[in-house]
Structures are given as C-alpha cells and as structure tokens.
*Asks:* 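Provided herewith is a single structure, encoded as structure tokens, for subsequent inquiry.
In each ligand, atom 1 is the first atom listed, and ligand 1 is the first ligand listed.
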Amino acid sequence: MSTADSPLRAPPELDGPPPRVLVIQAPYYADVVGGMVDGALAVLAGLGAETEVVDVAGAFELPAALRMAVRAGGHDGFLVFGCVVKGETDHYDHICREACRGVMDVSIETCAAIGFGLLTVHSIQQAIARSSPDRHNKGVEAANAMIGQIALARKFAGTFTETAA
Ligand SMILES: Nc1c(NC[C@H](O)[C@H](O)[C@H](O)CO)[nH]c(=O)[nH]c1=O
Ligand SMILES: CC(=O)[C@@H](O)COP(=O)(O)O
C-alpha cells in the first residue's frame, strides 16, 4: 500500500477556541514544501486558526527550531514541513533519520501537538505526488493529525498526575 492507495479520512472535530498554529518549513524544495504548506493552511483556515509561518534552512534544522518554538510557548500546535530527496551519497539516510528522530524526541518529551510533514523520497516525482493540491497532499494529512492532537490535549488538560508516566 502506498500514499496513492491511502484511505480518505474525515478531519477531526476540535472544540474550543480556534487554535494558534506555528508552521515551521524548510523550503529546500520550495514548490514541494509550499504545496504542503498551502494544503495545511487551507485546513487551518477552515477552523479560523491563527497561523504563523517561519523558515529554516533545511530538514536538519527542523527539530531544533521546533524545540525552540515549543519552549517559547504561545502556540497550541506545530507543523513541520520539509522534503529530502535521495542523492548520490549516504547523506540522505543521515538527514532523514536524524530529522525524524529529532522531531519525535520533541514530540515525546514535550507532548506538544505536532503534525509531521517531512517527505523523504527517492525522486522529485514522488515529492510532487505528495504535495499537489489533491487528496494525497501530506500537508492536509499533517494538519489533520495535529488538530487531533490538540483535541486530545484539550480533553486531557488538567488530568495529569504526579505519578503518571
Ligand atoms: N539535502 C537536503 C537538505 N540538506 C541541507 C540540510 O538539511 C542542512 O540545512 C544543511 O546541512 C546545513 O545545516 N535539506 C533538505 O531539507 N532537503 C534535502 O534534500
Ligand atoms: C539529501 C540528499 O541525499 C541530497 O540532497 C544530497 O545529495 P548527495 O548525496 O548527492 O550529496
């Protein structure tokens, strides 16, 4: 099964005020990343969300920028976008693995509502197929995932105890 076969999911419900969302993009492949950001912003506009977009140089910089933003506070959710395309060397493997691990570390350590939109592809054609304005747009998927996490954070707000893991 690939992205082309993935099921169409309904966007999650979100009670409460419109969310404040920070989009962190690494526009190394500007059209591809821009396509995902546009998909995400369309979803967020439908919620009346307050959005801000900041740039970093490349995928490597995404985790630290995300951690800075989470620490700073002021946002209900975060979206990270980038695209890494396989080249001739093993650089691709290192960037993909570390960028993904870095974002996951922030996610687990902070419990922030994060949507992950980092494409790790073998060709620019694969990237275009995942960033075009259709139902396979990974920006839409990341935004919907983040909204679900915000909804969960609101549901559990105030319920954490000292002994909980
Ligand atoms: N090759 C790709 C990169 N490489 C750049 C690094 O992410 C980083 O910005 C640089 O090493 C300076 O610290 N970034 C991407 O987003 N996509 C690539 O395909
Ligand atoms: C992320 C990559 O693999 C790529 O942009 C770097 O290319 P190369 O491995 O040919 O230096």
*Asks:* Ile124 versus Val85: any side-chain heavy-atom pair under 4.5 Å?
*Replies:* yes
*Asks:* To the nearest 0.5 Å, how far apart are CZ in Phe116 and OG in Ser107?
*Replies:* 10.0 Å
*Asks:* Going by the atom numbers of ligand 1, which of them fall below 4.0 Å from some non-hydrogen atom of Val85?
*Replies:* 19 (O)
*Asks:* Looking only at distances, can you tell me whether any N or O atom of Ala57, backbone or side chain, sits closer than 3.5 Å to an N or O atom of ligand 1?
*Replies:*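 No, there is no polar N/O contact under 3.5 Å.
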*Asks:* Which residue holds the protein heavy atom closest to atom 6 (C) of ligand 1, what is that atom called, and what is the gap in Å?
*Replies:* Phe60 CB, 3.9 Å
*Asks:* One residue to check: Thr89. Relative to ligand 2, which of side chain, backbone, both or neither has a non-hydrogen atom less than 4.0 Å away?
*Replies:* both
*Asks:* State the SG-CD distance between Cys83 and Gln126, to the nearest 0.5 angstrom.
*Replies:* 9.5 Å
*Asks:* Between Thr89 and His91, is there a donor-acceptor pair closer than 3.5 Å when you use the side chain of the first and the backbone of the second?
*Replies:* yes
*Asks:* Give a yes/no on ligand 1: does Gly82 have at least one heavy atom closer than 4.0 angstrom to it?
*Replies:*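 No, that is not the case, since the closest heavy atom of the residue is not under 4.0 Å from the ligand.
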*Asks:* Within the 3.5 Å criterion, strictly below it, is a donor on Glu52 or His75 matched to an acceptor on the partner's side chain?
*Replies:* yes
*Asks:* Numbering the atoms of ligand 2 from 1, which are under 4.0 Å from a heavy atom of Val85?
*Replies:*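 The list of qualifying atoms is 1 (C), 2 (C), 3 (O), 4 (C), 5 (O).
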*Asks:* Within the structure provided, determine whether Ile24 and Leu22 are in side-chain contact (heavy-atom separation under 4.5 Å).
*Replies:* yes
*Asks:* Take Arg97 and Asp93, measure what salt bridge (charged side-chain N to carboxylate O under 4.0 Å, His left out) needs, and give me the verdict at the end.
*Replies:* CA-CA 6 Å; Arg97 184 184 61 248; Asp93 302 293; over 6 Å; no
*Asks:* Taking 4.0 angstrom as the limit and counting only heavy atoms of Gly58, give me the atoms of ligand 1 inside it, by number and element.
*Replies:* 7 (O), 9 (O), 14 (N), 16 (O)
*Asks:* Starting at CG of Leu79, measure out to CD of Gln25 and round the result to the nearest 0.5 Å.
*Replies:*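 Interatomic distance, Leu79 CG to Gln25 CD, rounded to 0.5 Å: 11.0 Å.
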*Asks:* Which of the numbered atoms in ligand 2 are under 4.0 angstrom from any heavy atom belonging to Val84?
*Replies:* 1 (C)
*Asks:* Under 3.5 Å between some N or O of ligand 1 and some N or O of Ala59?
*Replies:*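 Yes: some nitrogen or oxygen of Ala59 is under 3.5 Å from one in ligand 1.
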*Asks:* What atoms of ligand 1 come closer than 4.0 angstrom to any heavy atom of Cys83?
*Replies:* 15 (C), 16 (O), 17 (N), 18 (C), 19 (O)
*Asks:* Would you say ligand 2 has an N or O under 3.5 Å from any N or O of Glu88?
*Replies:*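 Yes, since at least one N or O of Glu88 sits under 3.5 Å from an N or O of ligand 2.
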*Asks:* With respect to Ile95, determine whether any N or O atom, backbone or side chain, lies less than 3.5 Å from an N or O atom of ligand 1.
*Replies:* no
*Asks:* Mark the output for Tyr92 as yes if a heavy-atom distance to ligand 1 is under 4.0 Å, and as no if none is.
*Replies:* no
*Asks:* Cluster question for you: counting only ILVMFWY and a side-chain heavy-atom cut-off of under 4.5 Å, with indirect links fine, are Val37 and Val43 together?
*Replies:*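 In one cluster: yes.
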*Asks:* Out of Gly87, Cys83, Gly58, whose heavy atom sits nearest atom 3 (O) of ligand 2?
*Replies:*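 Checking each option, the heavy atom nearest atom 3 (O) of ligand 2 is found in Gly87.
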*Asks:* Considering only non-hydrogen protein atoms, determine which one is nearest to atom 15 (C) of ligand 1 and report residue, atom name and distance to 0.1 Å.
*Replies:*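 It is Tyr28 CG, 3.3 Å.
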*Asks:* Looking only at protein heavy atoms, which one is nearest to atom 12 (C) of ligand 1, and what is the separation?
*Replies:* Glu61 OE2, 3.4 Å
*Asks:* For Leu119, is there any backbone N or O sitting under 3.5 Å from a side-chain donor or acceptor partner on Arg130?
*Replies:* no
*Asks:* My question is simple, although I want it checked carefully: is atom 17 (N) of ligand 1 less than 4.0 angstrom from any protein heavy atom?
*Replies:*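 Looking at atom 17 (N) of ligand 1, one finds that a protein heavy atom does lie closer than 4.0 Å.
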*Asks:* May I ask you to test the Leu41-Thr51 pair for a side-chain heavy-atom distance under 4.5 Å?
*Replies:*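 Heavy-atom side-chain distance check passes, below 4.5 Å.
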*Asks:* Could you tell me the residue and atom name of the protein heavy atom closest to atom 6 (C) of ligand 2, and the distance to it rounded to 0.1 Å?
*Replies:* His91 CD2, 3.8 Å
